[in-house]
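Take a look at the structure below.
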Amino acid sequence: MAVIVIVGAQWGDEGKGKATDILGGKVDYVVKPNGGNNAGHTVVVNGEKYALKLLPAGVLSENAIPVLGNGVVINLEALFDEMDGLIARGAKADRLKISANAHVVAPYHRVLDRTQERFLGKRAIGTTGRGIGPTYADKVSRVGIRVQDIFDESILRQKVESALNVKNQMLVKMYNRQAIDVEETVQYFLSYADRLEPMVIEAELELNKALEADKSILMEGGQATMLDVDHGTYPFVTSSNPTAGGACVGSGIGPTKITHSLGIIKAYTTRVGAGPFPTELFDKWGEFLQTTGGEVGVNTGRKRRCGWYDSVVARYAARVNGFTDFFLTKLDVLTGIGEIPICVAYDVDGKRFDEMPVNQSDFHHAEPIYETMPAWEEDITECRTFEELPQKAQDYILRLEELSGAQMSYIGVGPGREQTIERFPIL
Ligand code: GDP
Ligand code: IMO
Ligand code: MG
């Protein structure tokens with residue numbers, strides 16, 4: 001039995017899809033515990049690229065059962081569009097199971113997401129506009145709609161009515177928008193009921209029974225530690241808990257069952273959307289990382305902001321997630337760049353911070369303190385063992401490991417499934 005949690009260690013897009021794909025072939029279940037169709041996880045198999053948004057990348061693993069856990073927020077239209085697209089390409093996406101307790105994104109959540117962003121003006125978060133924040137807000141406010149509600153029309157109508165009672169006041173009186181019709185919303189949900197029903201399971205029960213039967217589970221977190229609503233750069237975060245603890249909440253698998261907490265981390269850093277980012281680059285190196293790394297958001301097509309590796313962030317992520325291992329990705333992007341800066345600490349108005357400042361203003365003003373390592377010149381994309389890597393690449397990894405708080409067990413040297421060094425394999 002193994003329960004592995006995959007967690008983004010930075011601000012997202014670290015390569016969680018690829019890590020899931022590599023481990024997904026060796027487990028019985030791949031569970032998505034948080035987020036919704038705000039994610040974009042890329043998997044490249046035999047040169048074919050798949051971009052998963054709402055579905056776990058585990059749908060591409062031959063033998064694993066993919067599950068959307070109770071912590072996920074589901075846009076039903078996006079769900080079936082994505083499933084149909086994958087089925088048309090030969091993936092067995094129809095094996096997907098869904099927790100009866102997962103919440104669903106209503107059309108009004110998307111309207112509210114975009115409206116609220118507009119009203120924030122220059123303080124906007126830069127959300128993906130998928131209605132994720134408002135759906136989680138309703139969940140916590142106890143006016144959300146759950147998957148199971150869709151199969152009881154009278155309860156569904158009551159819940160939609162309650163939610164829209166307040167929202168329509170807001171939309172009409174505050175935001176100067178049209179009211180949303182209760183019946184139209186109810187019919188929207190009901191139109192998916194027949195297709196949805198056979199996929200719905202008591203996920204908490206099934207997953208724990210699987211563990212009793214010595215099965216293995218991989219949890220594929222969306223987003224990342226620095227986007228966590230509790231541990232991230234609040235308010236510039238998503239509205240769920242993408243950290244390892246959140247995976248327990250979002251799946252119903254207890255913390256004592258977790259065997260590995262695997263942090264996915266890029267050999268440099270990227271961020272999409274607004275918010276502080278100490279090592280962000282505005283020079284030719286930022287442009288270099290953006291273009292050479294192909295740093296364009298899978299979900300919204302936005303260019304990702306780019307910067308050097310930040311070991312303060314890595315240590316912080318290792319701490320709050322209890323990482324047992326890191327999966328370092330995109331090492332190949334740094335080939336031939338001469339020198340590689342690594343942020344080891346911050347300077348905030350003359351004061352040195354070796355660890356993440358708790359005060360948000362300090363983090364906003366943090367200037368990175370760098371040390372540099374020489375880069376290697378050789379192409380590393382065909383390396384398959386740690387020893388095959390040029391000495392300078394090995395040294396860079398060992399230094400990151402020393403600074404980051406957990407061993408670098410996997411190393412990505414290209415986007416392909418096979419372009420991975422399994423240094424200390426978990427499974
Ligand atoms: P996720 O959201 O964490 O799953 O990451 P994304 O899929 O949004 O972004 C990661 C990008 O990096 C994708 O285009 C991957 O195909 C690519 N990628 C992952 N690992 C590597 C690697 O080791 N080297 C290179 N060059 N690309 C990688
Ligand atoms: P994966 O799983 C990168 C960012 C958005 C925005 C903030 C809030 O592919 O790593 P939301 O729509 O969630 O309310 O937006 O979070 N964001 C991501 N950035 N990768 C993601 O997912 C993200 N999911 C959300 O850009 O700044
Ligand atoms: Mg992504």
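All residue numbers in this chain count up from 1 along the given sequence. Being a predicted model, the structure only gives us computed values, none of them experimental. Whatever order the structure lists them in is the order used to number ligands and atoms, beginning at 1.
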> Do ligand 1 and Gly17 have nitrogen or oxygen atoms that lie under 3.5 Å from each other?
Replying inline: yes

> Which ligand 2 atoms are under 4.0 Å away from a heavy-atom of Gly273?
Replying inline: 27 (O)

> Of all the atoms in ligand 2, which lie at a distance below 4.0 Å from a heavy atom belonging to Arg302?
Replying inline: 5 (C), 26 (O)

> Would you say Gly15 has any N or O atom under 3.5 Å from an N or O of ligand 1, going by distance alone?
Replying inline: yes

> Under 30°, 30 to 60°, or over 60°: which ring-plane class applies to Trp11 and Phe277, parallel, tilted or perpendicular?
Replying inline: tilted

>> How far is atom 12 (O) of ligand 2 from the closest protein heavy atom, and which atom is that?
In response: Thr128 OG1, 2.6 Å

> Where do Met356 and Met226 land on the side-chain contact (heavy atoms from CB on, under 4.5 Å) test, with the steps shown first?
Replying inline: CA-CA 11 Å; Met356 185 66 62; Met226 300 307 283; 3.7 Å; yes

> Does an N or O anywhere in Thr127 fall below 3.5 Å from an N or O of ligand 2?
Replying inline: no

>> Could you work out, for atom 4 (C) of ligand 2, the closest of Thr238, Asp13, Leu227 by heavy-atom distance?
In response: Leu227

> In terms of ring plane angle, is the pair Phe80 and Tyr192 parallel, tilted or perpendicular, where the classes change at 30° and 60°?
Replying inline: parallel

>> With respect to Gly133, determine whether any N or O atom, backbone or side chain, lies less than 3.5 Å from an N or O atom of ligand 2.
In response: no

>> Does any N or O of ligand 1 fall below 3.5 Å from an N or O anywhere on Val298, backbone included?
In response: no

>> Restricting to N, O or S atoms, which atom of Asp13 is closest to the Mg ion (ligand 3)?
In response: OD1

> Quick check: does Lys16 get an N/O under 3.5 Å from an N/O on ligand 1?
Replying inline: yes

> Does ligand 1 have any atom that is closer than 4.0 Å to a heavy atom of Gly40?
Replying inline: yes

>> Does the residue Phe236 have a heavy-atom contact with ligand 2, meaning some pair of atoms that are separated by less than 4.0 Å?
In response: no

> What's the verdict on salt bridge (Lys or Arg N to Asp or Glu O under 4.0 Å) for Arg399 and Glu402, showing C-alpha distance, side-chain angles and the deciding distance?
Replying inline: CA-CA 5 Å; Arg399 183 62 184 138; Glu402 212 165 55; 2.5 Å; yes

>> Measuring from atom CD1 of Ile421 to atom CD of Glu387, what distance do you get when rounded to the nearest 0.5 angstrom?
In response: 9.0 Å

>> As an exercise, identify every atom of ligand 2 less than 4.0 angstrom from a heavy atom of Gly222.
In response: 2 (O)

> Which of these, Thr42, Val43, Asp332, has its nearest heavy atom closest to atom 7 (O) of ligand 1?
Replying inline: Thr42

> Quick one: does Ser239 get an N or O within less than 3.5 Å of an N or O on ligand 2?
Replying inline: no

>> Quiz question: by atom type and distance under 3.5 Å, do the side chains of Tyr370 and Glu339 form a donor-acceptor pair?
In response: no

> Near Lys16, which atoms of ligand 2 are under 4.0 Å from a heavy atom of that residue?
Replying inline: 1 (P), 2 (O), 10 (O)

>> Geometry only, no angles: is Asp113 polar-contacting ligand 2 at N/O separations under 3.5 Å?
In response: no

>> Under the criterion side chain to side chain donor-acceptor pair (under 3.5 Å), I'd like the reasoning laid out for Tyr346 against Asp362: C-alpha separation, chi angles, the key distance, then a yes or no.
In response: CA-CA 9 Å; Tyr346 302 138; Asp362 287 343; over 6 Å; no

> Side chains of Asn299 and Arg130: closer than 4.5 Å at any heavy-atom pair?
Replying inline: yes

>> Checking a contact table here: which protein heavy atom is nearest atom 25 (C) of ligand 2, and how many Å away?
In response: Gln223 CG, 3.8 Å

> Just which atoms of ligand 2 are under 4.0 Å from any heavy atom in Trp11?
Replying inline: 3 (C), 19 (N)

> Between Glu14 and ligand 2, does any nitrogen or oxygen pair lie at a separation below 3.5 Å?
Replying inline: no

>> For ligand 2, which is the ligand I care about here, please tell me if His41 has any N or O atom under 3.5 Å from one of the ligand's N or O atoms.
In response: yes

> Is the closest heavy-atom distance from Val413 to ligand 1 below 4.0 Å?
Replying inline: yes

>> Under 3.5 Å between any N/O of Val272 and any N/O of ligand 2: does that happen in this structure?
In response: yes

> Among the heavy atoms of Gly414, does any lie under 4.0 Å from an atom of ligand 1?
Replying inline: yes

> Judged by modelled atom types alone, do Thr135 and His109 share a side-chain donor-acceptor pair under 3.5 Å?
Replying inline: yes

> Which atoms of ligand 2 are found less than 4.0 Å from any heavy atom of Gly126?
Replying inline: 5 (C), 6 (C), 26 (O), 27 (O)

>> Between Asn168 and Tyr108, is there a side-chain donor-acceptor contact under 3.5 Å, judged purely by atom types and distance?
In response: no

>> Suppose I only count heavy atoms of Val237 and a 4.0 Å limit; which atoms of ligand 2 are within that range?
In response: 7 (C), 8 (C)

>> Less than 4.0 Å is my threshold; does some heavy atom of Arg304 fall inside it relative to ligand 1?
In response: yes

